[in-house]
Structure formats: structure tokens, C-alpha cells
Trainee: 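Encoded as C-alpha cells, here's the structure I'll be asking about.
Index from 1, following the sequence. Basis for what follows: all heavy atoms, side chains included, without hydrogens, waters or symmetry-related copies.
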Amino acid sequence: MSVTDHDRSAKPTAFVLAGGGSFGAIQVGMMHSLAKHGVVADFVVGSSVGAINGAYYAGDPSLKGVLRLEALWRGLKRRDVFPVTWRTLLGFVWRRDFLIPHDGIRRLIEDHLPYRNLQEARLPIHIVTTDFISGESVVLSEGSAVEAILASTAIPGAFTPVHYRNHFLADGAISSNTPIRVAVQKGARRLIVLPTGHACAIENPPVGAVANALHALTLLIARQLVSELEGLASDIEYVVVPPLCPLVGSPYDFSRTDDHIERAIKSTDAWLAQDGLDRHGHIPHEAMPHGH
């Protein structure tokens, strides 16, 4: 099933991409399936890892473009994104401000993103960050793509905030985990939400400070997703692509990327075959936090 040009002109459609660390691979599988079935967006809104995926998608919103992003994800190791070494640990002890340098993510963006400024993308892309002083969302739609993505992925305590345009900017997930309201403010009347999900089949918490912080963040994302969707005006259509459940591992663990992508492609294919795009206003149980 596809979103036709007529439909999209009548109801501007946004892909809304949530945060979630290495679980961002699940979004890549979802985008693979959507692109394969001709489902397109008018613009993209992303937060945290969703900013990375959204920026790459906006640069080439075709199956070919998604396959390039997929190849990049399949080659990722944790050290490429979270290069924690004895040197960084000692730096954290002495400086007490951040644990991980931005170098890994910066390199991924500069080496592979096909444009330098956000306004040069083929689709409008809106990247959500958080003003680290006020806690308010700051949405970046033009200017340096590298700085915007670095800011949106700057997890407090792990990465230092990014000083950009007279703001100290940090992870967009702090203020807007799944930037639904931003998409509506930017003119969307149909939302296709791509969550990353949360580890829903674990008995023990992840090991390590960064792993625990990311796990807690994914739980927060799930709860805020439900709250924001339930608060939408009645004239806003939305569908939520079902995330994976059961989902094991940590959003700090990149060893399961291939499995996440393959499972997400299959599950999204099945969802589309069951007319998932027509089930407006439905939140799949896989996206619900525990206790619902």
C-alpha cells in the first residue's frame, strides 16, 4: 500500500522517528519495508538516534537510499558510536563533565551523509534537540547537519552538550522523545510513527552506566509516546509501526543489529499486508510500556 500524491497533498504526512540507541536499527528495517511498498513522507522529524536515521532518509527517501543506511548500520560496532576507553574513563573522572567524545558520530555523519546543511536534503528534515539550560525543545531545520545531529544525540552524562547558535543543546529525547507535537506544529496532518521499542523480555537490568541510562530512556520514550498520541487533536491521523516484541538486549549493544533489521522488515511487511496503514488511531501493544 502506498500514500498517493493526492493523499499527501490533502494530508501532509510526516515520518516521526523516536530515539533508542542501537534499537535505531529497528527503524531502518521499518523504513526498508515502507520504501519497498511505496510508502513515502512529505517531511521527517527525528529525535536522538531518530535524528540520524531521519537525516539519512531525508537525503535519499528511496529504497536505494534506505539500503545504503542499512549497510552502514550493519557495519556499526559499539566503539564506532560509544568509544569508551580507559582514556575516556580517566577524562570523565578528572573533568566530571562527559564520558564519550563526539568523534565517532561526527565521523559517521561527515563520511556518509550526502549533504552538509539540513535545508539541502531532498525532504524537509526537522531535528529535535533540547536546550540544556531551560529544558525546552529546540528544533533545527536548517544549518549544519553535523551539529544538529550531534546535539540531538548528546545523551547527558555520556556526551557533552553542543554549543550551537547561542544554545547548549543536548539529546532531543530529554524534551521530546518521540517528536509528535513537533511534527504537528510543522504542518503534518498524518503521522507515521516509527518507534524503536524497548527491551521487553529481560529479567535483569543492563550492565553499565550508559547501558542503564539508555534502557531507562527507552522506557520513558514508550510512556511518552502513548501520552502524546492520546492527546492529539481528532483531526490528526496517525499510525504507529509496531516495534519488535519480544526484544532483548540493550540499546547500548550493537551486536544484534542484523537480527533487529531483518525482524523489523518482516514484521512491517506483515503489518502492511494487514492494512496497518489504514488503522488510524491504533497503538499496537508492542509499543505499550509495561503495565498497560
Trainee: Which residues pass the side chain to side chain donor-acceptor pair (under 3.5 Å) test with W73, not counting sequence neighbours?
Mentor: N53
Trainee: So among I125, L72, I149, V66, which one has a side-chain contact (heavy atoms from CB on, under 4.5 Å) with Y56?
Mentor: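 So the option named by the test is L72.
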Trainee: State, yes or no, whether a side-chain contact exists between V28 and T257 at a heavy-atom distance under 4.5 Å.
Mentor: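 V28 does not reach T257 side chain to side chain.
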Trainee: Output yes when a side-chain donor or acceptor of E228 lies under 3.5 Å from a complementary backbone atom of P179, and no otherwise.
Mentor: no
Trainee: Examine distances only and state if a side-chain atom of T153 and a backbone atom of L150 form a donor-acceptor pair shorter than 3.5 Å.
Mentor: yes
Trainee: In terms of relative ring orientation, are H126 and F43 parallel, tilted or perpendicular, with 30° and 60° separating the classes?
Mentor: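 Taking F43 first and then H126, their aromatic rings stand perpendicular (interplane angle over 60°).
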Trainee: Can you name the residues that form a side-chain contact (heavy atoms from CB on, under 4.5 Å) with R68, not counting sequence neighbours?
Mentor: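 side-chain contact (heavy atoms from CB on, under 4.5 Å) list for R68, sorted by chain: D60, K64.
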Trainee: Determine whether a donor-acceptor pair (N or O, by modelled atom type, separation under 3.5 Å) exists between the side chain of D275 and the backbone of D278.
Mentor: no
Trainee: Can you name the nearest heavy-atom pair linking S62 to A35, along with the distance?
Mentor: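 Taking S62 first and A35 second, the nearest heavy atoms are C-CB, 4.2 Å.
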Trainee: If you look at every heavy atom in H260 and I26, which pair is closest and at what distance?
Mentor: CB-CG1, 3.8 Å
Trainee: Do the side chains of S22 and R256 get nearer than 4.5 Å, heavy atoms only?
Mentor: no
Trainee: What are the two closest non-hydrogen atoms of S48 and S152, and how far apart are they?
Mentor: N-OG, 2.8 Å
Trainee: Assess, by modelled atom type and distance only, whether the side chains of D269 and S33 contain a donor and an acceptor separated by less than 3.5 Å.
Mentor: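 Yes - a donor-acceptor pair under 3.5 Å links their side chains.
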Trainee: Determine whether more than 12 heavy atoms belonging to other residues, nucleotides or ligands lie under 6.0 Å from atom CZ of R74.
Mentor: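 Atom CZ in R74 is crowded, with more than 12 foreign heavy atoms closer than 6.0 Å.
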Trainee: Determine yes or no for a side-chain-to-main-chain donor-acceptor pair under 3.5 angstrom, with Y115 supplying the side chain and A55 the backbone.
Mentor: yes
Trainee: Answer yes or no: does atom CZ of R189 have more than 12 heavy-atom neighbours from other residues, nucleotides or ligands under 6.0 Å?
Mentor: yes
Trainee: Tell me if the CZ atom of R279 is crowded by more than 12 foreign heavy atoms within 6.0 Å.
Mentor: no
Trainee: With a 4.5 Å heavy-atom cut-off, do L69 and Y57 have their side chains touching?
Mentor: no
Trainee: Taking C-beta and beyond as the side chain, do V139 and K186 meet within less than 4.5 Å on heavy atoms?
Mentor: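 Contact flag for V139/K186 side chains = yes.
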Trainee: Is a side-chain N or O of S47 found less than 3.5 angstrom from the main chain of G50, in a donor-acceptor match?
Mentor: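 No; judged by distance alone, with no hydrogens or angles, the pair does not exist.
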Trainee: Should R116 and E120 count as an ion pair when the cut-off is N to O under 4.0 Å?
Mentor: no
Trainee: Run the numbers on R181 and S137 for side-chain contact (heavy atoms from CB on, under 4.5 Å), then give the verdict.
Mentor: CA-CA 11 Å; R181 293 174 187 169; S137 290; over 6 Å; no
Trainee: Can you tell me how far apart CG (L140) and CD (E147) are? Round to the nearest 0.5 Å.
Mentor: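 One finds 10.0 Å between CG of L140 and CD of E147.
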Trainee: How long is the span from the CG atom in L229 to the CD1 atom in I180, to the nearest 0.5 Å?
Mentor: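 So the CG of L229 and the CD1 of I180 are separated by 3.5 Å.
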Trainee: Sub-3.5 Å donor-acceptor pair from the side chain of N117 to the main-chain atoms of Q119, do we have one?
Mentor: no
Trainee: Would L169 and V182 show up in the same hydrophobic cluster when neighbours are defined by side-chain heavy atoms closer than 4.5 Å?
Mentor: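 Per the 4.5 Å side-chain linkage, L169 and V182 are not co-clustered.
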Trainee: Answer yes or no: is there a side-chain heavy-atom contact under 4.5 Å between M31 and L17?
Mentor: yes
Trainee: Under the side-chain contact (heavy atoms from CB on, under 4.5 Å) rule, collect the residues that match up with E237, sequence neighbours excluded.
Mentor: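 Scan of E237 (side-chain contact (heavy atoms from CB on, under 4.5 Å), adjacent residues dropped) gives K11, R190, H280.
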Trainee: Using a 3.5 Å distance criterion without hydrogens, assess whether the side chain of T196 forms a donor-acceptor pair with backbone atoms of G19.
Mentor: yes
Trainee: S267 versus L244: any side-chain heavy-atom pair under 4.5 Å?
Mentor: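 In contact.
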Trainee: Does Y164 use its side chain to pair, donor to acceptor, with the backbone of S144 at less than 3.5 Å?
Mentor: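 Yes, because the side chain of Y164 sits within donor-acceptor range (under 3.5 Å) of the backbone of S144.
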